[in-house]
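Chain naming here is simple, since letters A, B, ... match the order of the sequence lines and numbering starts at 1 in each.
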Amino acid sequence: MKNIFFSEKCYDIVKRIPKGKVMTYKSVAKTLGTNAYRVVGNAMNKSPGMPEMPCHRVVKSNGEVGGFVHGTRKKIEMLNMEGVKVKNGKVDLEEYRYSLKSKS
DNA sequence: CCGTTGACTCTTT
DNA sequence: AAAAGAGCCAACG
């Protein structure tokens, strides 16, 4: 039993997203066993900036990139560099959506 | 305990 | 299709 903040769990999940894949805020929250998609976003925003923190691989459910500290546009370019093709500011979730069980 | 805050999501107009 | 409203829930003061 780990008594860590919800945010910490989010970071753990996000860090597990493989390159070239993306996860929606909702999926991350679901993986953590809750529907607090908002808290996931908040957690990313207040992200400590730890290394290997691909917060840019977390997107909205409708495929939009969402927000980013350096700007949404920057995030899109990063995703493209990772191999995720972003069309008109959107990601093909059908192709890049990634699922992960938060089994310890 | 209560109110505010959010890088969200879904439904209705 | 685009906009507005309602709903979701942890962290903070």
Side-chain angles (χ1 to χ4, degrees):
Chain A
M1 175 53 185
K2 301 176 184 182
N3 297 320
I4 59 181
F5 289 123
F6 179 89
S7 319
E8 297 292 310
K9 297 185 181 180
C10 294
Y11 306 146
D12 195 36
I13 300 296
V14 174
K15 285 193 298 188
R16 291 175 196 203
I17 304 177
K19 172 182 163 190
K21 288 283 184 178
V22 296
M23 268 189 92
T24 65
Y25 293 99
K26 179 110 182 246
S27 295
V28 175
K30 255 320 190 348
T31 305
L32 294 178
T34 181
N35 300 310
Y37 20 78
R38 307 232 120 187
V39 189
V40 177
N42 283 357
M44 294 298 108
N45 186 22
K46 292 167 179 124
S47 164
M50 30 156 74
E52 301 305 308
M53 175 58 113
C55 40
H56 59 271
R57 288 185 193 148
V58 185
V59 298
K60 303 207 294 186
S61 290
N62 69 325
E64 291 183 58
V65 194
F68 198 54
V69 184
H70 304 291
T72 310
R73 202 194 79 83
K74 190 75 171 185
K75 185 167 172 179
I76 293 172
E77 291 190 27
M78 289 170 74
L79 286 171
N80 272 309
M81 202 164 85
E82 295 271 323
V84 179
K85 305 297 193 297
V86 182
K87 306 292 188 182
N88 194 23
K90 300 234 183 129
V91 179
D92 293 298
L93 290 176
E94 292 298 294
E95 282 295 318
Y96 303 109
R97 181 163 38 185
Y98 174 73
S99 301
L100 172 64
K101 304 296 186 185
S102 73
K103 301 294 287 294
S104 302

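- The OG1 atom of A:Thr31 lies 10.0 Å from the CZ atom of A:Arg16; values are rounded to the nearest 0.5 Å.
- Evaluation of the salt bridge (charged side-chain N to carboxylate O under 4.0 Å, His left out) rule for A:Asp92 yields no partner, not counting sequence neighbours.
- Distance A:Tyr25 OH to B:dC10 C1': 17 Å, rounded to the nearest Å.
- Residue A:Asn35 is in sugar-phosphate contact alone, with no base atom involved, counting any heavy-atom pair closer than 4.0 Å across all strands shown.
- By the side chain to side chain donor-acceptor pair (under 3.5 Å) test, A:Ser27 pairs with A:Thr24, sequence neighbours left out.
- On the nucleic acid side, DNA chain C contacts chain A at distances under 4.0 Å to non-hydrogen atoms, with the end points of that region at C:dG7 to C:dA11.
- For A:Asn62, the side chain to side chain donor-acceptor pair (under 3.5 Å) partners are A:Glu64, not counting sequence neighbours.
- The 5' end of DNA chain B is approached more closely, in terms of each residue's nearest nucleotide, by A:Gly41 than by the other of A:Gly41 and A:Lys26.
- Judged as a salt bridge (charged side-chain N to carboxylate O under 4.0 Å, His left out), the pairs with a partner in residues 74-85 of chain A (not counting sequence neighbours) are, in order, A:Arg57-A:Glu82, A:Arg73-A:Glu77.
- Chaining together hydrophobic side chains whose heavy atoms lie under 4.5 Å apart places A:Phe68 alongside A:Met78.
- Contact between the side-chain N/O atoms of A:Lys46 and the OP1/OP2 oxygens of B:dT5 is not found at any separation under 4.0 Å.
- Counting Ile, Leu, Val, Met, Phe, Trp and Tyr side chains that sit under 4.5 Å apart, directly or through other members, A:Val65 shares a hydrophobic cluster with A:Val22, A:Val59, A:Ile76, A:Leu79, A:Val84, A:Val86, A:Val91, A:Leu93, A:Tyr96.
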Donor-acceptor list for residues 41-54 of chain A side chains, cut-off 3.5 Å, not counting sequence neighbours:
| residue | atom | partner | partner atom | Å |
| --- | --- | --- | --- | --- |
| A:Ser47 | OG | A:Gly49 | N | 3.2 |

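- In the region residues 53-61 of chain A, proximity to DNA chain B at under 4.0 angstrom, judged on heavy atoms, holds for A:Cys55, A:Lys60, A:Ser61.
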